[in-house]
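What follows is a short report on a single structure.
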Protein chains: 2
Amino acid sequence: MLQDLDKTLQQKGVRPTAMRLLVLDYLLKQPAAVSLSDLEAYFHRADRITLYRSLKTFEGKGLVHSIDDGSGAVKYALCPDDCTTLEHHDLHVHFFCSQCRETFCLPKSRIPDIALPEKFKTEEVNLLVKGTCGTCSG
Amino acid sequence: MLQDLDKTLQQKGVRPTAMRLLVLDYLLKQPAAVSLSDLEAYFHRADRITLYRSLKTFEGKGLVHSIDDGSGAVKYALCPDDCTTLEHHDLHVHFFCSQCRETFCLPKSRIPDIALPEKFKTEEVNLLVKGTCGTCSG
DNA sequence: GTTAAAATGCAATGCCATTGCAGAGCATGC
DNA sequence: GCATGCTCTGCAATGGCATTGCATTTTAAC
Ligand SMILES: [Mn+2]
Ligand SMILES: [Mn+2]
Ligand SMILES: [Zn+2]
Ligand SMILES: [Zn+2]
């Protein structure tokens with residue numbers, strides 16, 4: 001179990017420290033994206049900055065991607081396996097529930113191609129849907 | 001000319017003060033969305049908070065809409081005529097140029113319908129494209 | 001075990017958004 | 001014209017979040 005986590009980190013080129021293993025373990029169990037404050041609340045004995053840097057390291061190595069859901073705090077969610085340092089393949093929709101304020105990755109909702117004016121070149125597309133999630137509308 | 005601005009504000013239920021007329025005039029002349037800092041830099045003699053509240057008032061009355069382009073500062077752009085206090089019709093794409101860091105409304109690029117999982121309900125959709133704008137790629 | 005590199009903990013900073021409050025400006029009715 | 005009440009404005013203060021510097025600890029490599 002911890003072995004698996006260890007291996008996951010190694011494969012992405014992240015050195016598996018105690019804190020990083022705990023953070024990864026936590027991330028794997030979350031149904032929704034997490035903010036730094038979420039992490040801080042859960043690991044109340046850990047230093048905020050260390051948690052921050054864990055996330056940043058993970059992001060840089062293609063382990064998580066960041067999501068700006070407009071809530072004021074950036075959130076993070078695990079990437080699909082094929083993300084790397086150089087390339088993030090998170091071209092999926094993000095959903096922010098205004099009820100529970102959770103943010104979800106919707107990998108099945110792909111982002112359609114967008115027609116842009118002449119000469120405009122796309123590098124990255126972010127699509128954020130706000131509304132009520134399945135749980136809250138149930 | 002100033003008459004026109006005056007009328008525009010009145011129609012949206014915004015009382016036309018000196019500052020608001022100046023801000024509206026400025027907004028009308030911008031090809032790209034503006035941040036509070038932009039306003040502050042231009043109206044260097046005006047108070048930042050007053051400018052801030054002008055934008056907020058405009059936003060509340062359907063005169064401008066706000067855009068979170070991920071640059072850290074919220075930007076504002078004039079709404080289409082049919083926006084009101086209650087309803088914003090800015091279901092268009094926003095484009096952030098990573099070169100010049102300007103943000104543009106692309107009203108002609110409509111946002112396609114997004115297929116969501118069962119029970120998820122859409123209230124609002126934000127689509128932000130990052131890349132290189134026409135001017136910078138020219 | 002020694003040593004260099006990487007990670008951590010703590011303090012400090014900076015930027016942006018937002019609010020409270022007192023004074024100025026404006027519109028209205030008398 | 002003048003008093004009155006409401007809105008707008010200016011200034012100060014606050015709070016949240018992201019980010020960095022630096023000294024110390026931990027880890028990995030030799
Ligand atoms: Mn995602
Ligand atoms: Mn727009
Ligand atoms: Zn919800
Ligand atoms: Zn550009």
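Each chain gets a letter, A, B and so on, in the order the sequences are listed, and its residues count up from 1.
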* Spacing between A:Asp38 atom CG and D:dC17 atom P, to the nearest angstrom -> 10 Å

* **Gap between atoms CZ and C1', on B:Arg48 and C:dC16 respectively (whole Å)** => 7 Å

* For A:Arg53 and D:dT26, what is the distance between atoms CZ and P respectively, to the nearest whole Å? -> 16 Å

* Side chain of A:Leu36 - closest among D:dT20, D:dC8, D:dA18 -> D:dA18

* Asked: Could you give the NZ-to-C1' distance, from B:Lys61 to D:dT7, as a whole number of Å?
  -> 12 Å

* For the ring pair A:Phe104 and A:Phe96, is the centre-to-centre distance below 6.0 Å? -> no

* Asked: Does A:Lys130 come within less than 4.0 Å of B:Glu123, counting only side-chain N to carboxylate O?
  -> no

* Closest listed nucleotide, where the reference is the side chain of A:Thr17 and the choices are C:dA17, C:dT19, C:dT8 -> C:dT8

* Would you please indicate yes or no on a ring centroid separation below 6.0 angstrom for A:Tyr76 and A:Phe58? => no

* To do: Would you mind telling me which of D:dC22, C:dT19, D:dA18 lies closest to the side-chain atoms of A:Ala73?
  => D:dA18

* Asked: Are B:Asn126 and B:Asp68 close enough, and set up right, to give a side-chain contact (heavy atoms from CB on, under 4.5 Å), and what steps lead you there?
  -> CA-CA 9 Å; B:Asn126 285 296; B:Asp68 182 352; over 6 Å; no

* Asked: Would A:Leu91 end up clustered with A:Leu116 when hydrophobic side chains under 4.5 Å apart are linked, directly or stepwise?
  -> yes

* **5'-most by nearest nucleotide on DNA chain D - B:Arg15 or A:Ile49** => B:Arg15

* Structure fact -> Taken to the nearest whole Å, CG/B:Asp47 to P/C:dG23 is 17 Å

* To do: Let me know the distance between CZ of A:Arg45 and P of C:dT8, rounded to the nearest Å.
  => 16 Å

* To do: Check the distance between C:dT19's C1' and B:Tyr52's OH and give it to me in whole angstrom.
  => 9 Å

* Asked: What nucleotide, of D:dT9, C:dA7, C:dT19, holds the atom closest to the side chain of B:Thr50?
  -> D:dT9

* Calculate the interatomic distance between A:Met19 atom CE and C:dT8 atom P; express it in whole Å. => 8 Å

* To do: Could you work out which one of C:dC16, D:dT19, C:dT18 sits closest to the side chain of B:Ser37?
  => C:dC16

